[in-house]
Amino acid sequence: MFPPKSDIAAMPDFKDGIANWNSFGIGSMMENMSKYRPADIESKWQEKWLKESVYEPDLDGAARPFYNLMMFPYPSAEGLHVGNMYAFTGADIYGRKKRMEGFDVFEPIGLDGFGIHSENYAMKIGVHPVDQAKRSEEHFYEQLQMIGNGFAWNERLETYKPEYYHWTQWLFVQMWKHGLAYRKRQSVNWCPKDQTVLSDEQVENGKCERCGTVVVKKELEQWSFRITKYADRLLDNLEKLDWSERVKVAQRNWIGRSEGAEIRFEVAGSNAPATITVFTTRPDTLFGATYLVLAPEHELIADRQFAIANRDEVEKYAAEAKSKNNEERSEEGREKTGVELKGVTAINPATNEEIPIWVADYVLGSYGTGAIMAVPAHDERDFEFAKKFGLPMRQVIVSGGDDAVLPFIGTGALMDSGKFDGMDSEAAKKEITKFVHGEMKMQYRLRDWLISRQRYWGPPIPMIFCEQCAKAGKGEQPEMSGWYAVPEKDLPVLLPYVENFRPTGSGVSPLASDKDFYEAACPACGASARRETDVSDTFLDSAWYYLRYLDPKNASAAVNDPRVKRWLPAALYTGGAEHSVLHLLYVRFVALALTDWGILAFPDGEPFPKFRAHGLIIKDGAKMSKSKGNVINPDEYIRNFGADTLRMYLMFLAPFEQGGDFRDAGVLGIERFLKRVWNMGEGFAAPGTGARSAGALLHRTIKKVADDIDNLHYNTAISALMILLNGLEEQQAVAREDFEIFLKLLAPFAPHITEEIWREMFGRTTSIHREPWPIYDPKLLTEETITLVLQVNGKVRGTISLPSTLTEEEAKTAALADEGVKRALGGATPKKIIYVEKKLVNIVV
RNA sequence: GCCCGGGUGGCGGAAUGGCAGACGCGAAGGACUCAAAAUCCUUUGUUCGCAAGAACGUGUGGGUUCGACUCCCACCCCGGGCACCA
């Protein structure tokens, strides 16, 4: 593992310091010296900060609010992960600097404790989720206390507390009232292991995002939110957001907007009149459409009125295709299959030709209209299909150059397209659509947010179904007769403590067997009715928590709160990129909806104008996981090295947005650095020395550290601090003022040791974390002498030190006089001399 | 396949047109010590050379430039996102 650190925590009475003393010191002070023992000072300051409310801003009166928000953890498993600590530390450093710059920094923390993740863990260790939540809460907060973040503890929240989920349920009710929540029987993702449905976003490569089990399709009646209604705004707003690019790209891909046309094809040969509407992004290729393909789910296939001569064969194919899950259906390189619908044909509206209609599972029922026009000459999939079944191909686009090879996917000029021949394909899209009375239309990859879960550990969905009203066709929403939201005065619908909380697998929640829970009176007619027994997705809990932090004491104003105006939109949001299309999409959707309802008023409806995704901490080149046994427990390192050392080590590994590989050996370097800081602090226990300031080095460091923190380049900021300490140690004597500036620069990274030196060694009475951030003097950034690089034909042949006041002429003269340069020139005459101000002279021969 | 990152010593990384390898780890040698640990000092890209110094060197191949890790073109490899989405 790592070397034993017997010299720190394990020796409480060790008290000489001699062994630690280095060249910097004053011998006579030795008996007063103490060793750097993080265990002694860290918990002391954590308690003191709490008592002094160092990190509690005035939520109602702060003059310069800075909401420093970070994604809250979901407690489960063995406790805080080193990855959590990495994320929190990186966000905290930014916030600490802002606080020193005079901002009222609000850095809240809480627990996203509802959900499958926490419930599964409780089941695994055989504890009831309610009881496990209490334990996790205690353990997590204890660990979170130890990492030394400037958390505003007073405002902490837990999503599983009734005073919290009261408002999660309220949010559901609002969705319902505004027509954004609906219940529908549909083919949904079902995780056989977690025994619940999942949203599209929770399925990764056909597997459950939580447990990795292959997801299957099930026909179930489920609750969804109409996030698709917001697809355009979710996409368009991305342009205005200052977010990590990779997250924006992921959201763009996920929303997947494409512009195309819907075109109607009349059907011939059927006894009843029928049309098939297709969606295409290439209406310009309509003249090349030689057949149509319906998805197995297409409504015409189930329509018995529709005269398909080989109906049995077609239905059999469709049924088989539907039984396959997405993964099987789209397995890469899979051969195309399909069946022709005999006895019916479609009429290409551009050519008036009769073309065959097929059913094939390469067309998805859930996208577009569930039907396509196939243009085998200009689409790879259609090409493959046409080749296999011997269907005709017709090229209708030519590019300028080599276009002999089909399929040709690109754009170009039209051919064999009647009066459109020669037209540019881009222009032809609109023209041909118009010509056949089609309609330009957007299509989205995004699906509605499936919100219900057949599990116990979540907020019960606050809906009631009344059989009486349903029969009478009454209800709160059109086409949803019988359904009523729980009246707001009756919220929250409490999650009962049931002994049998395990998922049933029958498509309903364990709450469905709790009569006391589900029996309710109809809010409309008073008849005996039945409560919804599913709970909502965990991601609904976390879709509004940033609002809740602003008022944990007064639940009645949790969402519509005057503080919201002061603190939101958040100044900075930090979290993992793995939530690109989960949390980060949902949270935006909910904010947009709240904006439309007049509850929020953020510009563009966006709560987080600035978001930064941090990197991933891996271990020895591999992702940490319990099965690999390479999970780093931060507690152990904090116990052995201190939180300051671990914080700095994690930040020193690599740029914060990149992540890093955790290697035990590296921790020692930071530990040495902090010991040297400590020792230098001890050296100042005596009155100040009146030594000269480190000047340019100091001021360059102030600038560098400030810039690096702003850019989240903590690794290079730490490097700059090391260089400054090295420089100070080389001096005969160090000015106390310099060292104090150094301490302030170090404070965001190592909050405990800097506070200890500041207050205990230097006798200050207020926290270093409330000190003003150092300002550099631009005049002091440059050294008195500069190093001029001398090149001949671009190769370095020497360097010389010159006063920084030097002129171009002086530089060139000095360069030509240099021995190394003369040797390299070998008597040749310079053709050209390039001078880069105060940096370099390059002599070209 | 498309879209984002990225490829630099033994290792993590630094430098975004101007001394490649900052800072740290590791390693080697030395000081202190009975000894070890800790600490401090020195060295540490590769090759040739006693040295002064020289040549080579940032995934590969070209190009632009006085000068390229950095910019341009083509390609290879690694990580991530999307993917039969018409």
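Because only heavy atoms are used, hydrogens play no part in the values below, and waters and symmetry mates are left out as well, while side chains stay in. Sequence lines set the chain letters: A, B, ... in the order given, protein chains first and strands last, and positions in each chain run from 1.
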Considering Watson-Crick and G-U wobble pairs with both distances under 3.5 Å, what does [N] pair with?
| N | answer |
| --- | --- |
| C11(B) | G24(B) |
| G17(B) | none |
| C32(B) | none |
| C2(B) | G81(B) |
| A38(B) | none |
| A54(B) | U47(B) |

Can you tell me how far [atom2] of [N] sits from [atom1] of [X], to the nearest Å?
| X | N | atom1 | atom2 | answer |
| --- | --- | --- | --- | --- |
| N679(A) | C40(B) | CG | C1' | 12 Å |
| N715(A) | C25(B) | CG | P | 15 Å |
| I718(A) | A14(B) | CD1 | C1' | 14 Å |
| H713(A) | U16(B) | NE2 | C1' | 12 Å |
| L840(A) | A20(B) | CG | C1' | 15 Å |
| E671(A) | U39(B) | CD | C1' | 13 Å |
| E204(A) | G79(B) | CD | P | 17 Å |
| E730(A) | C40(B) | CD | P | 13 Å |

Among L840(A), I800(A), T799(A), N842(A), whose side chain to side chain contact (heavy atoms under 4.5 Å, CB included) with L790(A) holds?
I800(A)
Hey, does [X] reach any base, or is it just sugar-phosphate, or nothing, if we go heavy atoms under 4.0 Å?
| X | result |
| --- | --- |
| Q791(A) | base |
| R797(A) | sugar-phosphate |
| S258(A) | sugar-phosphate |
| L653(A) | sugar-phosphate |
| V789(A) | base |
| D382(A) | nothing |
| N842(A) | base |
| I723(A) | sugar-phosphate |
| K831(A) | nothing |

Hey, which of these two, G820(A) or T716(A), hits RNA chain B nearer its 5' end, going by closest nucleotide?
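Whichever sits nearer the 5' end wins; that is T716(A).
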Which sits closer to the 5' end of RNA chain B, I372(A) or V836(A), going by the nucleotide each is nearest to?
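Whichever sits nearer the 5' end wins; that is V836(A).
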Which nucleotide in the set [options] lies at the smallest distance from any side-chain heavy atom of [X]?
| X | options | result |
| --- | --- | --- |
| R676(A) | C66(B), C40(B), C23(B) | C40(B) |
| F652(A) | C84(B), A86(B), G12(B) | G12(B) |
| L668(A) | G26(B), G18(B), C66(B) | G26(B) |
| A250(A) | G81(B), G24(B), C66(B) | G81(B) |
| I834(A) | C66(B), C3(B), G24(B) | C66(B) |
| T281(A) | A14(B), A86(B), C4(B) | A86(B) |
| V796(A) | G18(B), C19(B), C66(B) | C19(B) |
| L364(A) | A86(B), G81(B), C4(B) | A86(B) |

Donor-acceptor pair, side chain of D708(A) and main chain of Y714(A), under 3.5 angstrom:
no
Counting only N and O atoms by type, is there a donor-acceptor contact under 3.5 Å from the side chain of R672(A) to the main-chain atoms of V667(A)?
no
Nearest non-hydrogen partners of K703(A) and L781(A), listed with the distance:
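In terms of heavy atoms, the two residues are closest at CD-CD1, 3.8 Å.
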Verify the contact: side-chain N or O of [X] to OP1 or OP2 of [N], cut-off strictly under 4.0 Å; return yes or no.
| X | N | value |
| --- | --- | --- |
| K795(A) | G18(B) | no |
| N253(A) | G80(B) | no |
| R672(A) | G26(B) | yes |
| K839(A) | G18(B) | no |
| Q658(A) | G12(B) | no |
| Y362(A) | A86(B) | no |

Indicate, yes or no, whether a donor-acceptor pair under 3.5 Å links the base of C4(B) to the side chain of K248(A).
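No pair found.
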Determine the interatomic distance between [atom1] on [N] and the same-named atom on [M]; round to the nearest Å.
| N | M | atom1 | answer |
| --- | --- | --- | --- |
| U46(B) | A28(B) | P | 15 Å |
| C69(B) | G17(B) | C1' | 11 Å |
| C75(B) | G26(B) | P | 43 Å |
| C41(B) | G53(B) | C1' | 27 Å |
| A22(B) | G9(B) | P | 13 Å |
| C84(B) | C25(B) | P | 49 Å |
| G21(B) | C72(B) | P | 24 Å |
| A74(B) | A55(B) | P | 34 Å |

Quick one: is the NZ or CZ of R252(A) closer than 6.0 Å to the six-membered ring centre of W243(A), and within 45° of its axis?
no
Is K336(A) close enough and on-axis enough to F385(A), meaning under 6.0 Å and within 45°, for cation-pi?
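Relative to the ring axis of F385(A), which defines the angle, K336(A) lies outside at least one limit.
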Would you kindly say whether N189(A) and R447(A) are connected by a side-chain donor-acceptor distance under 3.5 Å?
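No, because no side-chain N or O of N189(A) sits under 3.5 Å from a partner of the opposite role on R447(A).
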Between Y586(A) and S199(A), a side-chain donor and acceptor under 3.5 Å
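Yes.
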State the syn/anti category of G9(B) according to its glycosidic angle, syn meaning within 90° of 0.
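Nucleotide G9(B) adopts syn.
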Measuring from D232(A):CG to R257(A):CZ, what's the distance to the nearest 0.5 Å?
4.5 Å
Check each of F662(A), F749(A), F641(A) against Y649(A) using the ring-ring contact (aromatic ring centres under 6.0 Å, His included) test, and report the only one that passes.
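Going through the options one by one, the only one that passes is F662(A).
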